[in-house]
J.: 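Once you've had a glance at the structure underneath, I'll fire off some questions.
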Amino acid sequence: MANYIYTMEIHKSKKSKLENIDFDNISFGTTFSDHMFICKYSEGLWNSPKILPYGPISLDPSTSSFHYGQSIFEGMKAYKDSKEKVWLFRPEENFKRMNKSSLRLNMPELPKDIFFKGLTKLLKIDSEWIKSGVGNSLYIRPFIFASSPNLQANPSKEYIFFIICCPVKSYYGGRIDVLISEQYSRAASGGVGYAKAAGNYAAQFYPTSLAEKEGCNQIIWTDANNHEYLEEAGTMNVFFRINDTLVTSPLNDRILDGVTRKSVIQLSNSLKIKTEVRPIKVSEIISSHKKGELKEIFGTGTAVVLCPISSFKFDNKKFEINPIKNSFAEILKEKITSIQYNLTDDPFGWRFPVN
Ligand SMILES: *Cc1c(COP(=O)(O)O)cnc(C)c1O
């Protein structure tokens with residue numbers, strides 16, 4: 001028997017906020033579409049899926065996730081092509097990862113139907129919030145949090161699954177300077193680094209604020225044991241180009257299994273770019289830089305796709321990465337966005353039609 005009840009209620013907002021939105025001047029994550037999807041879990045059952053006008057909800061101050069951080073999320077985007085057709089990029093991967101995160105946080109598995117029917121219905125209702133044109137997209141934030149009203153430090157008996165959406169534009173330009181962490185860690189072996197657990201991000205804010213005082217925007221996280229190996233950049237996976245070879249760390253329980261990361265690896269292999277998935281030491285990129293062999297560093301993630309890194313700082317020394325023509329970052333970004341916006345064929349079957 002399925003552990004959910006699937007009869008969706010839909011309550012549309014009386015008036016759309018669309019006419020008041022200046023799509024050219026939106027800062028990320030501050031403007032939300034007209035509707036949200038919500039589904040509750042209680043007595044062992046996902047129940048009462050609803051689409052409601054976007055807005056605040058009321059919660060008891062003892063709500064479990066406020067105190068113990070039992071909360072996970074996903075991040076994905078919807079894209080519109082020139083014929084007004086809406087596409088998702090590998091949403092199945094986000095769905096699987098969400099349940100992987102839930103399992104690690106001792107949260108109930110979400111049925112696939114709830115995720116996909118909620119998501120596609122919401123996108124159809126709010127499709128005018130997705131603007132066509134490369135760079136425009138609707139950022140989608142599914143999340144689940146423990147909602148039992150009590151202070152017992154136990155797994156909650158109740159949960160709420162939400163999907164909210166915000167229109168975004170991609171930002172070009174701007175330097176990203178990173179600090180290689182010699183003291184703080186994002187994740188440790190046996191921990192929750194591979195899950196999109198809310199607390200992972202809270203723990204990054206303080207070290208990142210210290211890095212900002214040193215003139216850096218983000219931190220490249222190193223392994224928690226000896227700070228010897230390079231793992232992730234801020235909330236992105238990270239790639240290094242040494243001469244003409246791309247290198248990225250293998251997955252382990254400290255590293256988030258990014259959809260963009262795995263797409264970049266597949267694409268670069270298909271483009272015959274030599275790609276190595278292997279542990280990479282801080283000392284290796286420093287010696288490569290000294291020899292002039294470190295050509296590029298870039299981060300990957302849904303929000304940015306690929307984000308070139310301009311410099312890194314380590315042991316109080318700054319190492320510049322000079323921009324180059326025909327960078328792998330540019331080539332790979334162009335290929336991925338062309339697939340996302342339905343501008344080319346889709347050899348890997350990554351596009352998912354919404355309407
Ligand atoms: C979400 C996330 C990524 C990128 O994952 P994508 O699926 O590519 O968006 C990388 N690292 C961390 C820590 C993340 O939270």
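If you're wondering where the values come from, they're calculated on a predicted model, not measured in any experiment. All ligand and atom numbering here is 1-based and tracks the order in the structure.
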J.: Are more than 12 heavy atoms, taken from residues, nucleotides or ligands other than Lys85, located less than 6.0 Å from that residue's NZ atom?
T.: yes
J.: Once you restrict to heavy atoms under 4.0 Å, what part of Leu256 touches ligand 1? Side chain, backbone, both or neither.
T.: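 Only the side chain of Leu256 comes within reach of ligand 1.
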J.: What protein heavy atom sits nearest atom 3 (C) of ligand 1, and how far off is it?
T.: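 Here the nearest protein heavy atom works out to Thr235 O, 3.4 Å.
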J.: Show me which atoms of ligand 1 lie under 4.0 Å from any heavy atom of Gly301.
T.: 4 (C), 8 (O), 9 (O)
J.: Find all atoms of ligand 1 within a distance of less than 4.0 Å from any non-hydrogen atom belonging to Met236, and give their numbers and elements.
T.: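 What qualifies from ligand 1 is 10 (C), 11 (N).
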J.: Val259 heavy atoms, cut-off 4.0 Å: which ligand 1 atoms fall inside?
T.: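 Every atom of ligand 1 under 4.0 Å from some heavy atom of Val259: 6 (P), 7 (O), 8 (O).
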J.: What atoms of ligand 1 come closer than 4.0 angstrom to any heavy atom of Tyr201?
T.: 13 (C), 14 (C), 15 (O)
J.: Which atoms of ligand 1 are found less than 4.0 Å from any heavy atom of Arg97?
T.: 5 (O), 6 (P), 7 (O)
J.: Side-chain heavy atoms under 4.5 angstrom apart, residues restricted to Ile, Leu, Val, Met, Phe, Trp, Tyr: same cluster for Phe162 and Tyr201?
T.: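 Linked, Phe162 and Tyr201 end up in one cluster.
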J.: What side-chain hydrogen bond (donor to acceptor under 3.5 Å, both in side chains) pairs are there with at least one residue in residues 128-142, not counting sequence neighbours?
T.: Asp34-Trp129, Asn136-Lys169, Tyr139-Arg141
J.: Calculate, to the nearest 0.5 Å, the distance between atoms CD and CD belonging to Glu158 and Glu43 respectively.
T.: 8.0 Å
J.: Starting from atom 5 (O) of ligand 1, which protein heavy atom do you reach first, and at what distance in Å?
T.: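 That would be Gly258 CA, 3.4 Å.
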J.: Enumerate the residue pairs fulfilling side-chain hydrogen bond (donor to acceptor under 3.5 Å, both in side chains) with a member in residues 294-303, sequence neighbours excluded, ordered by first and then second residue.
T.: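 Every side-chain hydrogen bond (donor to acceptor under 3.5 Å, both in side chains) pair that includes a residue of residues 294-303, provided the two are not neighbours, is Arg241-Glu296.
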J.: Just need the protein heavy atom nearest to atom 9 (O) of ligand 1, so name the residue and atom and give the distance.
T.: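 Nearest protein contact, heavy atoms only, for atom 9 (O) of ligand 1 is Thr302 OG1, 2.6 Å.
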J.: Is ligand 1 under 4.0 Å from a heavy atom in the side chain of Glu232, in the backbone, in both, or in neither?
T.: side chain
J.: For atom 2 (C) of ligand 1, what is the closest protein heavy atom, and at what distance to 0.1 Å?
T.: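 Its nearest protein heavy-atom neighbour is Lys196 NZ, 2.5 Å.
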J.: Are Leu343 and Ile336 connected, step by step, through hydrophobic side chains (Ile, Leu, Val, Met, Phe, Trp, Tyr) whose heavy atoms are closer than 4.5 Å?
T.: yes
J.: Would a line drawn from the ring center of Tyr54 to the ring center of His35 be shorter than 6.0 Å?
T.: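 Not under 6.0 Å, so no.
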J.: Taking the side chain as everything from C-beta on, heavy atoms only, tell me whether Ser48 gets closer than 4.5 Å to Cys39.
T.: no
J.: Please report whether ligand 1 has a polar contact with Thr260, defined as an N or O pair separated by less than 3.5 Å (distance criterion only).
T.: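 So ligand 1 has an N or O lying under 3.5 Å from an N or O of Thr260.
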J.: Does the plane of the ring in Phe298 sit parallel, tilted or perpendicular to the ring in Phe239? Use 30° and 60° as the thresholds.
T.: parallel
J.: At what distance is the nearest protein heavy atom to atom 13 (C) of ligand 1, and which residue and atom is it?
T.: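 Looking at atom 13 (C) of ligand 1, the protein heavy atom closest to it is Arg186 NH1, 3.3 Å.
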